[in-house]
Amino acid sequence: MKLYDAKNDGQFSKGYIDIDEMRIRYLQDGTEISYRYLHGGFEETPVKFSFCYPQKDQYEGRFYQYLSPFPGPEEELASLPASGEDDKIAFCLTHGAYYVESNMGSGEVFTNSDDKTMSYRSSAASAEYSRVMAQKVYDYQHRPYGYVFGGSGGGYRTIACIENTNTFDGAIPYVIGSPYAIPNCQTTRAHAERILRHKIWKIIEAMEPGGSGDPYAGLNQEEREALREVTQFGYPLKSWFASANMDDGALPVLIPGVKSMDPQYFKDFWNVSGYLGADFKGSAQRDRICMDTTVRLVFTSEEESQMPEGMIDTRNGVNNAWKKMIQDYNTLEEPWLELTEVPVSDDLYTKGCKLTISSGKARGLQLQIERFEGNRVYFTEGFGMNDIHETLNLLKIGDVVHLDNSDYIAIQTYHRHQIPSSDYKAWDQFRDSEGKSLYPQQETLVGPVFCGNGPGCEQNGLVQGKIIIVAALMDEQAYPWQADWYRRKIESVHEGNVEQYCRLWYFDNTLHGDSEKDADNLHVVTYLAGLKQALIDLAAWVEKGIEPLPSSNYKIDVGCVKISESATERGGIQPVVHLTVNSNKCVHVKAGQGVCFHAKAEVPEGAGKLISMEWNFEGESIFEEINNMELSVDGNKGSGKVMHTFDKPGIYFPVVRVKSERNGSRKNFFTQIKNIDRVKIIVE
């Protein structure tokens, strides 16, 4: 395979710098870091980039380059406002590296150009130009080592860079999908959430500490089947707490693409046997809204609140970058329409419902419905939708509108009709004993199209450097089995010698998102520190030949990733902690009665030392560190006992959180890897 060499690409031969200045970054402890900031691009292209170089005495001859899930016109600026644990730039500056980020050649959100290779080519070109500038900044000839990293959609782009170019020495793709992740991870969860929308709290209670452990208890047959389907497909049972208030992620953004590639599906779904919508007694028909009505009254606000001019859109994380594709709209007063008729149901399902205007000046325009209140309909931002304020101002009393959620319901079982090859075990539930499909199959398999369009290619496993995959065991967006799929892909093309090229580290009690501020710290931790440690270990592997710790030990059961409760057996680099209260996971006590908490923690061998044990008893906003943890001689095991009294009746879920650090440092907050455990207390 011929690798792309950015140094020989004439399209990127004219690099320029339009900003060159010294700047200051501030760590969370108040430390100031001086660095040299360069901004520029390539002439006659839309490519722009930012380089952040540490002082010469802090530089160790490498760079880390971040790839956002969805590039955009100013993506090269998106990391500049970040702070704390989310600050990628400060991490690089304090760990011997300069930082690189580009807009990947995108003049618009989500798309690069008609050339699908632009993403990895422009990323490689930006990296090579950063090397040229590094020689000038540090005034000596050298080739900096280069490492690329990105999560979710940025993980696809990261893989494209390490497989197809000669630019990078290593890569960290994290919370990644397979070629069939999109839209199937989104559709499976959306279907289950629709069917189970009144039983989600039962599932959550069953999976909480002290719960029955049986999430199927109390479900009817349709609900059990929906839960079993999504679980076998890979949606972790522990992640259902996040479904209670979760939207369907990027699914609304994906529907137009699916419909353009496979329009026949949206007709067959409602009319052909074997599709859920063709069952007139089924849930799809029950929840469908498809009706015409007329406008009776229009209310709009004259004042709008827009993003201030010059403000940087910082949404470039794995869970929010796609939101740039949805138009922002804020008004001081919420606009609405009053309609002559609205859908009537004791169990109205409004997700994905659109209002399309059929007559008048606004004919053909569309708005995303948020909710109905009586005969009033309220709107929210939606992908591909028209401006709410402008559209409502065009409407007149008597205009005809159409309300419809047909496409949104139809897409939710699309995965049943998109069965790929047999190495995708999550689809085994849709095959009979002979391997034949149980449902009608569409001619077009859209997954590889979606997953290849952004990065410009499909994963082939032919990595051109070292790679460490970081995966979240509670990943609700890119199901965890997909990290194993890519590891096996690398193994298949490297004659089974996967350990020479790759590591896969799973992190427990972590969701998809890569922002500390978005984590529910009473349920989960982030994998951010593990990601940073992986970047450090990757550099040591490439530059010094120091092999990283082995991959996590795990098993795959259809689409479920299973790991041991023991840190020794689990491996990886994350500490493990187990919490009990009065020697149980759940207790009943009287108000004013003291209880004893006991936590035991352990770090996998070679992964570091425990540095803290923190407690949260009654849902406080912050954790409290109680300095009574007893450590083993080598610091990789610890235990702590704490007494606490609950004064008020109620149900409590106390949490213990432990942190480990490779060298036992309490100062390097970027690499303090976390884990938690919970118990349940019923106070009477």
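Computed from a predicted structure; not experimentally measured.
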Note to self: Using a strict threshold of under 4.0 Å (side-chain N to carboxylate O), is an ion pair present between E163 and K489?
What the structure shows: no
Item checked: Pair Y235-S243, side-chain donor/acceptor within less than 3.5 Å -> yes
Checklist line | Gap between atom CG of L339 and atom CG of D292 - 0.5 Å precision | finding: 11.5 Å
Next item on the list: Could you tell me the separation between the CD1 atom of I255 and the CD atom of Q412, rounded to the nearest 0.5 Å?
Entry: 8.0 Å
Margin query: A side-chain contact here means heavy atoms from C-beta on lying under 4.5 Å apart; do I468 and I172 qualify?
Written below: yes
Item checked: Straight-line distance of M385 CE to T391 OG1, nearest 0.5 Å -> 10.0 Å
Checklist line | Salt bridge flag under 4.0 Å for residues K425 and D484 | finding: no
Next item on the list: Show the numbers, then the answer: is there a side-chain contact (heavy atoms from CB on, under 4.5 Å) between V561 and I556?
Entry: CA-CA 5 Å; V561 180; I556 305 290; 3.5 Å; yes
Next item on the list: State, to 0.1 Å, how close A181 and Y156 come at their nearest heavy-atom pair, and which atoms those are.
Entry: CB-OH, 3.3 Å
Notebook entry, point to check: Where the side chain of Q418 meets the backbone of T444, is there a donor-acceptor pair that is under 3.5 Å apart?
Noted result: yes
Note to self: Looking only at side-chain N and O atoms, does D115 offer a donor or acceptor that is under 3.5 Å from a partner on T117?
What the structure shows: yes
Notebook entry, point to check: Between Y265 and H417, how do the two ring planes meet: parallel, tilted or perpendicular, split at 30° and 60°?
Noted result: tilted
Next item on the list: Please tell me if the side chains of Q482 and I176 come closer than 4.5 Å, counting only heavy atoms from C-beta onward.
Entry: no
Note to self: Counting only heavy atoms not in R296 (residues, nucleotides, ligands), do more than 12 fall under 6.0 Å from its CZ?
What the structure shows: yes
Item checked: T510 side chain near V175 side chain, heavy-atom distance below 4.5 Å -> no
Notebook entry, point to check: Does S119 reach the main-chain N or O of P455 with its side chain, forming a donor-acceptor pair under 3.5 Å?
Noted result: no
Check: Got a donor-acceptor contact below 3.5 angstrom from the R194 side chain to the H191 backbone?
Finding: no
Note to self: Using side-chain contact (heavy atoms from CB on, under 4.5 Å), reason through E193 and W240 one step at a time and then give a plain yes or no.
What the structure shows: CA-CA 9 Å; E193 288 177 347; W240 271 95; 4.2 Å; yes
Check: How about L511 and Q477: do any of their side-chain heavy atoms sit closer than 4.5 Å?
Finding: no
Item checked: Check: W336 ring centroid to F379 ring centroid under 6.0 Å -> no
Note to self: Would you say S406 and D404 are linked by a side-chain donor-acceptor pair, where the criterion is simply a distance under 3.5 Å?
What the structure shows: yes
Next item on the list: Take L67 and C161 through the side-chain contact (heavy atoms from CB on, under 4.5 Å) test and state the conclusion after the steps.
Entry: CA-CA 10 Å; L67 304 186; C161 284; 3.9 Å; yes
Notebook entry, point to check: Do NZ/NE/NH1/NH2 and the carboxylate oxygens of K585 and D677 come within less than 4.0 Å?
Noted result: yes
Next item on the list: Report yes or no: does R157 contribute a side-chain atom to a donor-acceptor pair with the main-chain N or O of Y120 at less than 3.5 Å?
Entry: no
Notebook entry, point to check: With distance as the sole criterion, is a donor-acceptor pair present between the side chains of Y439 and T413 under 3.5 Å?
Noted result: no
Notebook entry, point to check: Do side-chain atoms of S552 reach the backbone of Y506 as a donor and acceptor pair under 3.5 angstrom?
Noted result: yes
Next item on the list: Taking all heavy atoms of L438 and all of Q429, pick out the closest pair and write down the distance.
Entry: CD1-O, 3.6 Å
Check: Can you check whether I289 reaches Y408 side chain to side chain, under 4.5 Å on heavy atoms?
Finding: no
Item checked: For N509, the option from Q574, H523, K238 that meets side chain to side chain donor-acceptor pair (under 3.5 Å) -> K238
Check: Does Y378 have R371 sitting over its ring (NZ/CZ under 6.0 Å from centre, angle to axis within 45°)?
Finding: yes
Check: Does H402 reach the main-chain N or O of M291 with its side chain, forming a donor-acceptor pair under 3.5 Å?
Finding: yes
Notebook entry, point to check: Rounded to the nearest 0.5 Å, how far apart are CZ of R376 and CG of L337?
Noted result: 11.0 Å
Check: In terms of ring plane angle, is the pair F149 and Y66 parallel, tilted or perpendicular, where the classes change at 30° and 60°?
Finding: tilted
Notebook entry, point to check: For M474, does its backbone N or O pair with a side-chain atom of S239 as donor and acceptor, under 3.5 Å?
Noted result: yes
Next item on the list: State, to 0.1 Å, how close P215 and L227 come at their nearest heavy-atom pair, and which atoms those are.
Entry: O-CD2, 3.7 Å
Item checked: Distance, nearest 0.5 Å, that separates CD of E390 from CG of L395 -> 12.5 Å
Next item on the list: Flag the pair L367 / I388 as yes when at least one side-chain heavy-atom distance between them is below 4.5 Å, and no otherwise.
Entry: yes
Notebook entry, point to check: Under 3.5 Å, is there a donor-acceptor pair linking the side chains of D514 and Y174?
Noted result: yes
Check: Side chain of T158, backbone of G150: donor and acceptor closer than 3.5 Å?
Finding: yes
Next item on the list: Would you confirm whether N405, through its side chain, and D287, through its main-chain N or O, come within 3.5 Å as a donor-acceptor pair?
Entry: yes
Next item on the list: Determine whether more than 12 heavy atoms belonging to other residues, nucleotides or ligands lie under 6.0 Å from atom NZ of K202.
Entry: no
Next item on the list: Report the C-alpha separation of D423 and S421 in whole Å, then their side-chain angles, then the decisive distance to 0.1 Å, and conclude whether the side-chain hydrogen bond (donor to acceptor under 3.5 Å, both in side chains) test is met.
Entry: CA-CA 6 Å; D423 55 323; S421 56; 2.4 Å; yes
Check: Which heavy atom of A362 sits nearest a heavy atom of L394, and at what distance?
Finding: CB-CB, 3.8 Å
Notebook entry, point to check: Charged N to carboxylate O below 4.0 Å: is that the case for D508 and R570?
Noted result: yes
Notebook entry, point to check: Using 4.0 Å as the upper bound for N to carboxylate O, is an ion pair formed by E476 and R189?
Noted result: no
Next item on the list: Could you check if a side-chain atom of S178 sits within less than 4.5 angstrom of a side-chain atom of Y424, using non-hydrogen atoms only?
Entry: yes
Next item on the list: Could you tell me which non-hydrogen atom of P179 sits nearest to which non-hydrogen atom of Q459, and how far apart they are?
Entry: CG-OE1, 3.3 Å
Checklist line | Nearest non-hydrogen partners of L348 and P343, listed with the distance | finding: CD1-CB, 3.8 Å
Item checked: Audit row: Y414, V446, side-chain contact (heavy atoms from CB on, under 4.5 Å) steps and yes/no -> CA-CA 10 Å; Y414 193 62; V446 305; 3.5 Å; yes
Check: Rounded to the nearest 0.5 Å, what separation is found between the OG atom of S492 and the CH2 atom of W485?
Finding: 8.0 Å
Check: D347 and R286: salt bridge (Lys or Arg N to Asp or Glu O under 4.0 Å), yes or no, with the steps?
Finding: CA-CA 9 Å; D347 187 19; R286 182 183 68 226; 5.2 Å; no
Notebook entry, point to check: Less than 4.5 Å apart, any side-chain heavy atom of E334 and any of E370?
Noted result: yes
Margin query: Check whether Y180 reaches the backbone of C451 with its side chain - one donor and one acceptor, N or O, closer than 3.5 Å.
Written below: no
Check: Does the ring centre of F430 sit less than 6.0 Å away from the ring centre of H415?
Finding: yes
